[in-house]
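Reviewing the structure listed below.
So that the names make sense, note that chain A is the first sequence line, chain B the second, and so on, each numbered from 1. Quick caveat, the model's predicted, so the values are computed rather than measured.
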Amino acid sequence: MSSLCESNSSSHGNGDLVEQLASGFKIALQGAFGEAGTATDPSIKVAANPKFGDFQANFAMGLAKTLASSHGNHPKEIAQLVIDHAPQSLRDLCEPFEIAGPGFVNIRLRPTTIANALTAMDNSTLGVPNAKGLRTVAVDLCGVNVAKQMHVGHLRATIIGDTIARLYERLGWKVYRQNHLGDWGLPIAMTLAALRRAKIEIARVTLDDLNTAYRNAQAQGRDDEPGLAAARATQVGPHRIAELEAQHEGAAVALADAHDTLRRLQSGDTSVVADWQKLIDVTMCEVYETAATLGVDLKPDHNRGESFFRDRLAPTVDAFVQAKLAERDAGALVVRFADRERPLLIQKSDGTSLYATTDLAAVRYRIQDLGAERVVYCVDARQRDHFRDVFDAVRLIGWTKLPSGSDAHLVHVPFGAVLGPDKRPLKTRSGENFTLKALLDEAVARGRREVRARSAIPESPTAGMSSDELDAIGQAVGIAAIKYADLSSDVARDYVFDLDRMVSFEGDTGPYAQYAHARIAGILAKASGRDADCPIALVNAEERALALALLRYSNAVEDAAKQLAPNRLAAFIHELANTFNAFYQACPVLRGVDDATRASRLRMCDITRRVLADALSIMGIVAPNRM
RNA sequence: GCGGCCAUAGCUCAAUUGGAUAGAGCACGAGCCUACGAAGCUCGGGGUUGCAGGUUCGAGUCCUGCUGGCCGCGCCA
């Protein structure tokens with residue numbers, strides 16, 4: 001597995017301890033076992049338990065297995081031999097090594113090693129490596145449909161996608177956010193046709209109107225032809241057949257109208273195109289507003305909807321036909337795969353294309369036009385099979401090839417459903433989807449209520465703040481509650497939406513992290529004048545633990561990006577906040593300590609605050625200085 | 001019918017991708033503020049990781065079978 005940043009992290013002077021230890025053990029491994037040692041991963045991990053030290057090296061057991069034929073060494077002997085070959089540069093970093101269990105090498109760092117590493121990361125990078133725009137990723141996120149309100153499903157596609165985009169941005173990648181809007185094709189035409197039939201003035205239409213029209217259009221267009229055939233075959237009552245026939249005719253009329261509208265839209269009929277544009281404007285206006293509320297970077301620049309690819313659909317289909325990868329089946333064009341029955345449909349029997357076609361055109365655009373070496377899709381887990389097929393089709397035709405000759409990496413990040421208390425997909429009492437707006441309004445109201453309640457206490461740091469200030473803080477808290485709850489568990493899993501738990505502000509929540517940040521900000525505000533370059537002294541266990549937690553930041557960011565797992569970052573945030581709170585409890589910063597200790601602890605507070613704020617900003621969460 | 005995902009403490013979730021005694025939070029019990037911010041900290045009880053086998057020095061993690069749940073399966077997106 002290659003590093004996210006090809007350039008050697010140690011050259012950044014970020015004091016990455018794991019890398020320093022790993023390179024030291026590599027030298028030792030080579031010294032002890034030559035070729036076989038060079039090929040061995042030192043496997044440096046954070047210690048499973050603090051009593052085993054700070055880190056552990058787990059190479060010995062695996063190496064014993066590969067060496068078994070030629071040597072007869074036990075893992076413990078192998079570990080000892082490697083330790084005997086440890087270069088002085090490695091020995092200088094650590095207390096004497098210990099071998100324990102089946103062959104673990106326990107590593108305890110010298111306090112100066114930790115202090116030096118912490119000093120080295122105390123700059124604007126906070127130790128995080130930077131690819132300097134030399135690597136490129138496209139992130140498919142949000143994926144709203146025109147004329148439809150955003151609902152909870154879009155919450156995940158939006159904030160998970162935004163966080164992944166921010167992770168890569170933080171690592172210095174060139175990031176293209178791609179909002180794959182549903183803004184083209186029959187569904188939009190149906191809505192448009194329904195609006196025009198109803199003589200609704202499109203210039204003044206609202207998103208609610210559109211939403212209603214969309215639903216009505218879908219209902220009108222629903223044709224139960226199979227049902228009708230079945231009814232005739234089984235000779236059910238004439239009443240039922242008549243009913244189905246009427247529905248069939250109504251649907252036929254609506255569909256014919258929609259098809260006509262679609263034809264005019266596609267041929268550039270100025271009046272239809274103008275109305276269509278208005279639908280998009282009305283829809284997106286609210287999407288941008290919601291994105292802003294959520295702290296998500298989503299703008300018109302990021303729109304790469306179905307309509308954007310409309311002229312690329314025919315060439316896409318042609319390419320598959322030319323490559324003899326597509327074949328006719330019952331009038332439609334399908335791509336078949338060697339290892340599964342299910343084909344990928346890329347053209348309907350009436351000659352029009354469908355969603356897979358757009359997805360294929362979009363992958364090609366992202367790799368060949370944007371130059372993305374990775375394309376990440378933040379889309380509902382139910383579309384697993386679909387993306388598997390699309391990705392395989394792209395590989396078959398060879399569109400993953402980059403100019404450099406290497407292959408672009410396609411990844412679907414499948415996320416689970418948001419469930420209600422009944423463990424069923426979250427719905428309102430009347431069975432409708434919750435609009436995202438309603439959900440966010442509720443969360444913001446709860447956040448504001450909590451913040452106001454606290455500001456009413458005279459000793460509170462927020463006492464006497466203006467109503468606007470409290471509202472802003474309350475909003476930050478409410479949004480953080482929702483986002484952190486979503487991003488802190490494995491995205492692939494379903495989760496139960498429980499606002500009470502999210503906004504409880506206790507335990508592993510967004511507000512807990514914000515609170516830790518605000519506490520530190522409070523200390524720093526009280527400390528008048530501090531020495532930013534003072535020596536860092538690590539005496540207490542809590543100081544040492546805090547320093548080690550801070551030093552894990554770069555790995556947490558890289559790991560979260562590599563695994564496309566925001567919950568890894570959330571786990572880091574929670575652990576850091578936790579470790580800081582313990583430090584804070586045990587180590588006075590401003591009172592009753594000598595100047596050197598005070599300066600050292602203040603510096604650690606400062607770094608901690610910046611790391612917390614930085615990590616939260618990757619999740620698009622605001623960290624207020626007071627709350 | 002075929003295929004995919006999942007099952008961990010009473011509840012909600014972790015587990016550094018095969019490493020040491022499976023960890024957090026909530027809830028429950030016991031402590032800590034004339035306050036460097038108690039939205040906090042410390043300590044405690046709570047587990048046959050759905051079941052049965054297998055692979056190996058080592059399995060929550062990999063393989064096989066079973067049970068239970070969710071999801072998907074050609075002209076919707």
Side-chain angles (χ1 to χ4, degrees), chain A residues 1 43 45-49 51-52 56 58 61-62 64-65 74-75 100-104 106 143 145 180 182 185-187 218 221 306 329-334 340-350 352-356 358-359 380-386 388 414 416-417 419 423-425 450-451 454 459-462 477 485 488-490 492-496 498 501 504-509 511-512 514-516 518-523 526-527 552 555-556 559 563 567-568 570-571 574-575 577-578 581-582 584-593 598 601 605 626-627:
Chain A
M1 183 74 57
S43 183
K45 316 270 176 172
V46 172
N49 186 317
K51 78 178 180 190
F52 299 135
Q56 58 187 52
N58 299 346
M61 287 80 74
K65 195 175 286 184
H74 295 298
F104 298 104
N106 289 341
N145 293 311
H180 196 92
L186 201 54
Q218 293 294 315
E306 292 164 347
D329 187 336
L333 269 177
V334 300
R340 76 201 77 143
E341 291 288 316
R342 157 172 45 90
L344 179 66
L345 198 62
I346 63 170
Q347 191 185 65
K348 298 192 238 181
S349 48
D350 66 1
T352 60
S353 54
L354 58 171
Y355 66 116
T358 313
D359 278 328
D380 195 319
R382 287 176 300 185
Q383 294 194 38
R384 265 198 174 99
D385 289 348
H386 169 67
R388 185 167 173 223
L419 308 177
K423 301 284 182 79
R424 305 293 305 168
E450 295 292 338
V451 167
R454 200 167 152 78
E459 295 84 10
S460 159
T462 51
V477 167
S488 62
S489 70
D490 184 345
R493 296 178 58 134
D494 298 349
Y495 74 91
V496 176
D498 178 356
R501 174 176 63 84
S504 76
F505 307 161
E506 285 172 10
D508 188 6
T509 66
Y512 173 84
Q514 289 175 314
Y515 174 70
R519 282 180 119 181
I520 306 172
I523 295 170
K526 271 187 190 159
R552 282 181 211 131
N555 282 328
D559 196 36
Q563 311 290 336
N567 63 308
R568 302 258 173 183
H574 180 242
E575 191 180 319
N578 220 359
N581 278 330
Y584 174 84
Q585 199 78 18
C587 304
V589 178
L590 299 178
R591 294 193 320 195
V593 290
R598 174 188 151 102
R601 288 178 178 172
C605 284
R626 286 187 285 172
M627 61 184 280

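Across all strands shown, A/R424 has heavy atoms under 4.0 Å from sugar-phosphate atoms exclusively, and none from any base. Heavy atoms of A/R568 sit under 4.0 angstrom from at least one base atom. Base engagement by A/Q383 is indicated by at least one non-hydrogen atom pair under 4.0 Å involving a base atom. Nucleic acid contact for A/D359: none, since no nucleic acid atom lies under 4.0 Å from a heavy atom of the residue. Residue contacts shown for A/C605 are absent, as no nucleic acid heavy atom lies under 4.0 Å away.
Between the side chain of A/E450 and the base of B/A39 there is no donor-acceptor pair of N/O atoms closer than 3.5 Å. Put simply, the side chain of A/D380 and the base of B/A77 share no donor and acceptor less than 3.5 Å apart.
Rounded to the nearest Å, the gap between the C1' atom of B/A14 and that of B/G25 is 10 Å. Straight-line distance between the P atoms of B/G18 and B/G72: roughly 30 Å, to the nearest whole Å. Between B/C11 and B/C71, the two C1' atoms lie 24 Å apart (nearest whole Å). Using atom P as the reference point in both B/G19 and B/C63, the two lie 15 Å apart (nearest Å).
Ion pairing between a basic and an acidic side chain is recognised when a charged N comes within 4.0 Å of a carboxylate O; A/D350 and A/K348 show no such pairing.
Proximity of A/Y495 to the phosphate of B/C6: no side-chain N or O atom is located under 4.0 Å from OP1 or OP2. Distances shown here put a side-chain N or O of A/K348 below 4.0 Å from the OP1 or OP2 atom of B/C76. Within the structure, every side-chain polar atom (N or O) of A/Y355 is placed at least 4.0 Å from both OP1 and OP2 of B/A77. Residue A/K423 places none of its side-chain N or O atoms closer than 4.0 Å to OP1 or OP2 of B/C11. In this structure, A/R591 reaches the B/C36 phosphate: one of its side-chain N or O atoms is under 4.0 Å from OP1 or OP2. Taking side-chain N and O atoms only, A/R493 has a distance below 4.0 Å to OP1 or OP2 of B/A14. Contact annotation: A/R384 side-chain N/O to B/G4 OP1/OP2 distance is not under 4.0 Å. In this model, the phosphate group of B/C76 is not approached by any side-chain N or O of A/N145 to a distance below 4.0 Å at OP1 or OP2.
Of all nucleotides present, only B/C2 satisfies the Watson-Crick or G-U wobble test against B/G72, with each distance under 3.5 Å. When Watson-Crick and G-U wobble pairs are counted only if both distances are under 3.5 Å, B/G23 pairs with B/C13. Pair check for B/G65 finds B/C51; Watson-Crick or G-U wobble, both atom distances under 3.5 Å.
A distance of 9.5 Å separates CZ of A/R591 from NZ of A/K526, quoted to the nearest 0.5 Å.
Closest-nucleotide positions on RNA chain B for A/L354 and A/A100 were compared, and the one nearer the 5' end corresponds to A/A100. The 5' end of RNA chain B is approached more closely, in terms of each residue's nearest nucleotide, by A/V589 than by the other of A/V589 and A/Q347.
For A/Y515 and B/A38, the OH to P distance is 5 Å, given to the nearest whole Å.
The ring of A/F52 lies on top of the base of B/A20, close enough and flat enough: under 5.5 Å between centres, under 30° between planes. By the criterion of a centre-to-centre distance under 5.5 Å and near-parallel planes under 30°, the ring of A/F104 forms a stack with the base of B/A20. Between the side-chain ring of A/Y584 and the base of B/C41, no stacking contact exists by the 5.5 Å and 30° definition.
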